[in-house]
Protein chains: 2
Amino acid sequence: MKSDAEQLLKEKNIKITANRILVLDVFLKNTHTLSLADIELALPWADRATIFRTLKTFEEKALLHSIKDDDKSVKYALCSNTCQVNHHRIHPHFHCDICGNTVCLTGFDIPILKLPDNYKANNYSLMINGICEKCQKQ
Amino acid sequence: MKSDAEQLLKEKNIKITANRILVLDVFLKNTHTLSLADIELALPWADRATIFRTLKTFEEKALLHSIKDDDKSVKYALCSNTCQVNHHRIHPHFHCDICGNTVCLTGFDIPILKLPDNYKANNYSLMINGICEKCQKQ
DNA sequence: AGTTTGAATGCAACTTAATTGCAAAATCAA
DNA sequence: TTGATTTTGCAATTAAGTTGCATTCAAACT
Ligand SMILES: [Mn+2]
Ligand SMILES: [Mn+2]
Ligand SMILES: [Zn+2]
Ligand SMILES: [Zn+2]
């Protein structure tokens with residue numbers, strides 16, 4: 001009987017290790033994006049370099065995608081089934097200016113611009129800043 | 001007889017100094033976005049901290065806006081007249097994956113998404129990655 | 001089960017960009 | 001000219017990300 005994390009790792013052809021299971025579990029238990037520092041907080045005994053390389057591996061294997069918001073550090077989120085190896089991030093992201101959380105807007109499409117012929121577009125990324133539901137109520 | 005840079009500084013209520021004129025001149029002579037390191041290269045005698053604070057001041061006064069592309073360092077570009085203090089970046093940006101240059105797509109609008117009521121959007125930023133005109137010809 | 005082998009890990013050191021403190025210099029208005 | 005305020009230069013520091021290397025581990029193969 002394998003855990004969800006183990007299943008996912010197997011599906012993505014990532015070798016199963018204790019570290020990877022636990023890092024992935026952190027993502028499975030959270031709804032918003034997480035930075036390397038967030039993972040360090042969640043797994044205080046874990047080594048930063050190991051977490052770093054774990055995130056890189058996960059991104060490369062399309063288990064996570066990375067997001068740059070206005071914060072200083074890169075954040076990561078679980079890929080949806082629309083993410084492919086070497087082609088991530090087809091949905092917009094929302095960054096709350098108050099609490100600093102960033103979430104995936106899965107289910108929303110990034111509107112595609114018609115650019116002149118001299119531009120060849122490979123990837124669109126749309127970041128929306130504003131105030132999240134939680135912070136509006138406060 | 002004031003230079004273009006001096007005019008601009010005056011318009012934006014930024015005190016005129018030698019450093020500021022020369023940093024602004026670098027932007028006026030370039031079509032693509034520039035990082036702090038780029039300015040250091042263009043003005044080798046200038047001090048990094050001074051350039052840093054100059055860029056911050058320019059951004060705050062809506063003379064420059066900052067852009068985060070896939071490169072490690074933040075880039076800056078001249079604001080168009082649509083930029084306001086505390087409300088930058090209303091056009092998309094294009095980052096070439098080959099040469100690494102990033103340009104403003106002024107004249108293109110960022111399509112606005114209809115988000116659920118529980119999200120309050122203040123700012124949209126759209127980054128398009130791909131291959132620029134120059135690099136396609138090579 | 002024991003052996004082998006390439007991959008993953010832990011630790012420490014390093015890189016890089018961004019950022020700050022502070023004293024000296026420059027600006028500007030009175 | 002003087003005094004208050006802002007900007008500058010230099011050096012030191014922060015913070016995130018990244019790497020080298022010896023050791024350990026996972027899993028495939030006797
Ligand atoms: Mn996402
Ligand atoms: Mn721009
Ligand atoms: Zn919030
Ligand atoms: Zn190019």
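Each chain gets a letter, A, B and so on, in the order the sequences are listed, and its residues count up from 1. The figures that follow rest on heavy atoms only: side chains count, while hydrogens, waters and symmetry mates do not.
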- Query: Going only through I, L, V, M, F, W and Y residues with side-chain contacts under 4.5 Å, is there a path from A/F108 to A/I131?
  - Reply: no

- Specify the separation, in whole Å, of atom CZ of A/R48 and atom C1' of D/dA16. 8 Å

- Query: Just by distance, do the side chain of A/D25 and the backbone of A/L22 share a donor-acceptor pair under 3.5 Å?
  - Reply: no

- Taking CG from A/L9 and P from D/dA26, how many angstroms apart are they, rounded to a whole number? 13 Å

- Note on the structure: From CG of A/D38 across to C1' of D/dA15 the rounded distance in Å is 15 Å

- Query: Between D/dA28 atom P and A/I16 atom CD1, what is the distance in whole Å?
  - Reply: 10 Å

- Task: State whether the side chain of A/E6 and the backbone N or O of A/I21 hold a donor-acceptor pair below 3.5 Å, judged by distance alone.
- Result: no

- Short side-chain N/O contact to D/dG9 OP1/OP2 from B/N19, under 4.0 Å: yes

- Mind checking side chain to side chain donor-acceptor pair (under 3.5 Å) for A/N118 and listing every partner two or more places apart, or none if nothing turns up? B/E133

- Task: Give a yes or no on whether the ring-centroid distance for A/Y76 and A/F58 is below 6.0 angstrom.
- Result: no

- Message: Please determine whether a side-chain nitrogen or oxygen atom of B/T17 lies at a distance below 4.0 Å from atom OP1 or OP2 of D/dT7.
- Response: no

- Message: For a 4.0 angstrom threshold against heavy atoms of chain B, report the outermost contacting nucleotides of DNA chain C in 5' to 3' order.
- Response: C/dA17 to C/dC28

- Just how far, in rounded Å, is P of D/dG17 from CD1 of A/I39? 12 Å

- Message: Looking at A/R53 and D/dG17, is any side-chain donor or acceptor paired with a base atom of the opposite kind under 3.5 Å?
- Response: no

- Exceeds 12 heavy-atom contacts within 6.0 angstrom, atom CG of A/N122: yes

- Note on the structure: On DNA chain D, more 5' by nearest nucleotide between B/A46 and A/K72 is B/A46

- B/W45 CH2 to D/dT8 C1': how many Å, rounded? 11 Å

- Examine distances only and state if a side-chain atom of A/R48 and a backbone atom of A/E40 form a donor-acceptor pair shorter than 3.5 Å. no

- Nucleotide D/dT6, atom C1' - distance to CG of B/N13 in whole Å: 15 Å

- What's the CG-P distance between A/D71 and D/dA15, to the nearest Å? 14 Å

- Touch class at under 4.0 angstrom, heavy-atom based, for A/R20 against every strand present: sugar-phosphate

- Message: By nearest atom, which of the nucleotides D/dA27, D/dT19, D/dT8 is closest to the A/K15 side chain?
- Response: D/dA27

- Start at the 5' end of DNA chain C and walk down; is the nucleotide closest to B/A37 or to A/I14 reached first? A/I14

